[in-house]
J.: 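First the structure, then my questions, so here it is.
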Amino acid sequence: MFLVLAHRVRDAVAAHIRQRYDANVSVVIEQPRQSNFGELALPVCFSLAKTLKRAPRRIAEEMVTELPPIEGVASFEVAAGGYINVRFDRGAYGESLLCRTAAAPESSTRKIIVEHTNINPNKAAHIGHLRNAVMGDTLVRMLRRLGHTVEVQNYIDNTGVQVADVVVGFHFLEKKTPGQVQALVDDPDLRFDFRCWDLYARTSQHYKAEPESLEWRAATLHAIESDEGELAETGRIVSNAIVNKHLDTMGRIGVEYDLLPRESEILHLRFWDAAFELLKEQGAIVLEAEGKNKGCWIMPARLFQESLKTTRKLGRKGSAENQSEITEDQDQDKVIVRSNGTVTYVGKDIAYQLWKFGLIDKDFRYVSFRTYTDGRELWASSAGEGDASAPRFGHGEKIYNVIDVRQSYLQDVVRAGLRSLGFEQQARDSVHFSYEMVALTPRCCAELGIELTDEDKRRSFVEVSGRKGLGVKADDLIDMLIDKALEEVRSRHADTPEEEQHRIASEIAVGALRYFMLRFSRTTVIAFDLQEALSFDGETGPYVQYASVRARNILRTLAERGESLPDFDKQLDRMAFEEQLAQEDCWQLLLEASRGEWAIDRSVTAEEPAQLARYAFRLAQMFNNFYHQHHILNEPDEFRKTFLLWMARFFLGELTRVLDTMGIPSPKVM
RNA sequence: GGGCCUGUAGCUCAGUUGGAUAGAGCGCCUGGCUUCGAACCAGUAGGUCGGGGGUUCGAGUCCCUCCAGGCCCGCCA
């Protein structure tokens, strides 16, 4: 509703300005700094002042008297140096929310692909992976809420060095056969992914101590790529088992996928060959005849350096000066195909990105990988037969790649690849949804018994490292959150059955975790602090969940007292809202609660999920305040009580939807 | 050496394409549970927005420069 009205005002004012002043300026809508200024603020007169060469305040005064009436708007006011503040008709606004027929968003045929999680299938997931998955999953939920068709892909690099190193550990260090590794996977008393976590660190240490053992890695990589022999078999066992563990972990926090495209199929179905031909034809890559890259197919540096400049906000001032900086420097060229004929990681990524847009004449075959409890099917790529009933994947029109910021350079190269193939639009529609890493504070390391060098101890944070085994496992963190929540739940609801207690604790844990991962903006390094992450007070997921529980409690207690919920449609009308909403705190809460869709829209446009988290917190905060001031069930005035009950119910519905958009459950009790 | 990001209250962070009196949480201090359960609410204290220039009606926000910190720049993935 808020969004509808805001757009109506924007369009009406823009039309008025075109007609009256013959000027075409974009009408920006802001939220006033102070709530008593009104519901919308228009700074448009400031920009208009430049073209009209008149004082902004004068223009505003003139415009306020000349603007035609707009449905739902009560008044316009001039403020400060030339703002136009807009006040809504409260009665009409309330009434429109009463008989709201949640207009289903127009579903578009445009498909958006979001790729996220992408964890190497060689060890347990850690907290950095959680940030990726929560951010990606929230983006998906927001897009779907806005009516988009979204396909979620979780890319599995099952042929890379990371998997190879764990295979090396099992085969060469522990002398285990594929059968013995499979036995470890099947052992119910063993966390296979935790076992691999340690083994991976051990193998890395071994390489350091005995560099000649790196031959094992080369042999294993080769075996995995050709998919022959015991090493390859162990590789399949490891990666499949770990992928399943990752899916279980993500399932705990409500993250699901549609497709697992696997690197093994990118290789075996020769996606790269198709992409290679295209790149050669278009001259995007060239065969280097001499120098350090002799015998390699390379992408010249100027391609992605120029591409960078066009993507970023138009170069600096002197472009001539900049031109000279782009030199024919071989050091900067990016090798795509090695001199031995094998393709690099970026090359495969370009091929994959082309496939996602439907730009190469190749497709995977698909097999079902698992069925989620809600009945949704998760598919995986396959080089074999494939299932004819699989849906059509790929062919996206916009692609979000949720990958941490350290991959920016490679993502730029991928985009440059598209651009030099002439796919300008697709390059623009390839979004690197980047985010900063999750690091550990020295204090956190100390609490977890992780040894640090003296140098690291002096830093404000330490990077997570799988090779060093340095990190916090996702499942460990989730377990800690559940334990802490369970303690609280037990002390508050001693009579509740244990199973129920555990369910509530899990919901609170998920809320705490997902909110924590969302509340920081994407460019902020999260210096992970255990105590901070385990907090349930203040700006946290449980705080927001608690507000919804309070609203629910009011409605439940009403029923327990034998009173029935009033028939709001009959008892409330425009006049009633006008009267009740004259009270400022009620109006402000209602207004904020009705802004959910607007918040989601803004969050997607700004490509910043943290904005939605902050909106949810602000809304919860306002309700907690409201809750404290109005003792709804004891309200003596029946009419007012009806209104307040409606407010509680409306708030509950809206907050629940926003929480759901962030993948945060709304517990029945807390 | 080049590219990107960050610097705002004691700590952790927001700050809406330049706009009205710079905000929140935590922590500290004070007050509030016989209530729809306090995982809460109210209040106090706490700021040269890293430093210096510039652009204009207006700068935490844009430009330049310096300082500090982080990430990336491989025939690894």
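In the text below, chain A, chain B and the rest are named by the order of the sequence lines, each starting its count at 1.
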J.: Looking just at side-chain N and O atoms, do Y615(A) and R595(A) make a donor-acceptor pair shorter than 3.5 Å?
T.: no
J.: Distance between the P atoms of rG54(B) and rG69(B), in whole angstroms?
T.: 28 Å
J.: Quantified in whole Å, what is the C1' atom distance between nucleotide rC71(B) and nucleotide rU61(B)?
T.: 23 Å
J.: Which nucleotide wins on minimum distance to the side chain of M670(A), given the candidates rC75(B), rC40(B), rA39(B)?
T.: rA39(B)
J.: Is a side-chain donor or acceptor of Y515(A) paired with a backbone partner of A613(A) at a separation under 3.5 angstrom?
T.: yes
J.: With a 4.0 Å cut-off on N to O distance, would you call R614(A) and E539(A) a salt bridge?
T.: yes
J.: Under 3.5 Å, is there any donor-acceptor pair linking the side chain of E436(A) to the base of rU6(B)?
T.: no
J.: Please determine if R87(A) and E77(A) form a salt bridge, counting it only when a charged side-chain N lies under 4.0 Å from a carboxylate O.
T.: yes
J.: Report yes if some heavy atom in the side chain of F271(A) is under 4.5 Å from a heavy atom in the side chain of E265(A); otherwise report no.
T.: no
J.: Identify which nucleotide among rG37(B), rA20(B), rU35(B) has an atom closest to any side-chain atom of N553(A), counting heavy atoms from C-beta outward.
T.: rG37(B)
J.: Sort out the partner of rU44(B) for me: Watson-Crick or G-U wobble, both distances under 3.5 Å, none otherwise.
T.: none
J.: Distance from L279(A) atom CG to W297(A) atom CH2, nearest 0.5 Å?
T.: 10.0 Å
J.: Pick base, sugar-phosphate or nothing for Y409(A), based on heavy-atom distances below 4.0 Å to the nucleic acid.
T.: sugar-phosphate
J.: Base, sugar-phosphate alone, or nothing: which one does E463(A) contact when heavy atoms must sit under 4.0 Å apart?
T.: sugar-phosphate
J.: Just to be sure I understand the rule, does V163(A) reach a base, reach only the sugar-phosphate, or reach nothing, if contact means heavy atoms closer than 4.0 Å?
T.: nothing
J.: Over 60° means perpendicular and under 30° means parallel, so classify the ring planes of F651(A) and F623(A), tilted if in between.
T.: parallel
J.: Base, sugar-phosphate or nothing for R618(A)? Non-hydrogen atoms, less than 4.0 Å.
T.: nothing
J.: Does a sphere of radius 6.0 Å around CZ in R58(A) hold more than 12 heavy atoms from other residues, nucleotides or ligands, not counting ones at 6.0 Å or beyond?
T.: no
J.: When rounded to the nearest Å, what value does the distance between C1' atoms of rG15(B) and rG23(B) take?
T.: 7 Å
J.: Identify whether any heavy atom of N85(A) sits under 4.0 Å from a base atom; if not, whether one sits that close to sugar-phosphate; answer base, sugar-phosphate or nothing.
T.: base
J.: Counting any heavy atom closer than 4.0 Å, what does L558(A) reach on the DNA or RNA strands: base, sugar-phosphate only, or nothing?
T.: nothing
J.: At under 4.0 Å between heavy atoms, what does I298(A) touch on the DNA or RNA strands: base, sugar-phosphate, or nothing?
T.: nothing
J.: What's the closest nucleotide to the side chain of R33(A) if the choices are rA39(B), rA20(B), rC71(B)?
T.: rA20(B)
J.: For nucleotides 42-47 of chain B, list the nitrogen or oxygen atoms of the protein found under 3.5 Å from its nitrogen or oxygen atoms, one pair per line.
T.:
residue, atom, partner, partner atom, Å
rA42(B), OP1, N625(A), ND2, 3.0

J.: Closest to the I508(A) side chain: rA20(B), rC71(B), rA39(B)?
T.: rA39(B)
J.: Sort out the partner of rC4(B) for me: Watson-Crick or G-U wobble, both distances under 3.5 Å, none otherwise.
T.: rG70(B)
J.: Using a 4.0 Å heavy-atom cut-off, does Q31(A) contact any base of the nucleic acid, only the sugar-phosphate backbone, or nothing at all?
T.: base
J.: Hey, can you pull the donor-acceptor pairs under 3.5 Å for the side chains in residues 485-496 of chain A, sequence neighbours left out?
T.:
residue, atom, partner, partner atom, Å
E488(A), OE1, R492(A), NE, 3.4
E488(A), OE1, R492(A), NH2, 2.7
S491(A), OG, E488(A), O, 2.8
H493(A), NE2, M670(A), O, 2.7
T496(A), OG1, H493(A), O, 3.4

J.: Decide, applying a 5.5 Å centre-distance limit and a 30° plane-angle limit (both strict), whether F617(A) stacks on rA24(B).
T.: no
J.: Between rU48(B) and rA22(B), how many Å separate the two C1' atoms, rounded to a whole number?
T.: 14 Å
J.: Which part of the nucleic acid, if any, lies within contact of R467(A), taking any heavy atom under 4.0 Å across all strands shown: a base, the sugar-phosphate backbone alone, or nothing?
T.: nothing
J.: Give A606(A) one of three labels, base, sugar-phosphate or nothing, depending on what nucleic acid heavy atoms sit under 4.0 Å from its own.
T.: nothing
J.: Under a 3.5 Å cut-off for both contacts, is rA20(B) paired Watson-Crick or G-U wobble with anything, and if yes, with which nucleotide?
T.: none
J.: Considering only NZ, NE, NH1 and NH2 on the basic side and carboxylate oxygens on the acidic side, decide whether E436(A) and R522(A) come within less than 4.0 Å.
T.: no
J.: Residues from residues 519-526 of chain A sitting under 4.0 Å of RNA chain B, heavy atoms only?
T.: F520(A), S521(A), T523(A), T524(A), V525(A)
J.: Begin with the C-alpha distance, continue with both residues' side-chain angles, and end with the deciding distance and a verdict on salt bridge (charged side-chain N to carboxylate O under 4.0 Å, His left out) for E532(A) and R519(A).
T.: CA-CA 12 Å; E532(A) 204 185 321; R519(A) 59 181 276 233; 3.7 Å; yes
J.: Just wondering, are more than 12 heavy atoms of other shown residues or ligands nearer than 6.0 Å to CD in E30(A)?
T.: yes
J.: Scan K294(A) against the nucleic acid and name what it touches under 4.0 Å (heavy atoms): base, sugar-phosphate only, or nothing.
T.: base
J.: Which nucleotide, rA39(B), rA14(B), rA20(B), lies nearest any side-chain atom of V489(A)?
T.: rA39(B)
J.: Kindly compute the distance separating OH (Y627(A)) from CZ (R550(A)), expressed to the nearest 0.5 Å.
T.: 5.0 Å
J.: With rounding to whole Å, what would you report as the distance between rA39(B) and rG2(B) at their C1' atoms?
T.: 50 Å
J.: Using the P atom as the reference point in each nucleotide, state the distance between rC28(B) and rC66(B) in Å, no decimals.
T.: 43 Å
J.: Over all strands shown, is R492(A) touching base, sugar-phosphate only, or nothing at heavy-atom distances under 4.0 angstrom?
T.: base
J.: Nearest whole Å is fine: how far is rG2(B) C1' from K334(A) NZ?
T.: 15 Å
J.: On a whole-Å scale, what distance lies between the C1' atoms belonging to rG27(B) and rC72(B)?
T.: 36 Å
J.: Using purine N1 to pyrimidine N3 plus N6-O4 or O6-N4 for Watson-Crick, or N1-O2 and O6-N3 for G-U wobble, both under 3.5 Å, which nucleotide pairs with rG58(B)?
T.: none
J.: Taking atom P in both rA24(B) and rU6(B), compute the distance separating them and give it to the nearest angstrom.
T.: 24 Å
J.: Under 4.0 Å, heavy atoms only, any strand: does V28(A) hit a base, just the sugar-phosphate, or nothing?
T.: base
J.: Partner lookup for rA9(B), please. Criteria are Watson-Crick or G-U wobble with both distances under 3.5 angstrom; report none if nothing qualifies.
T.: none
J.: Quick one: which of rG15(B), rC36(B), rC13(B) gets closest to the side chain of N634(A)?
T.: rC36(B)
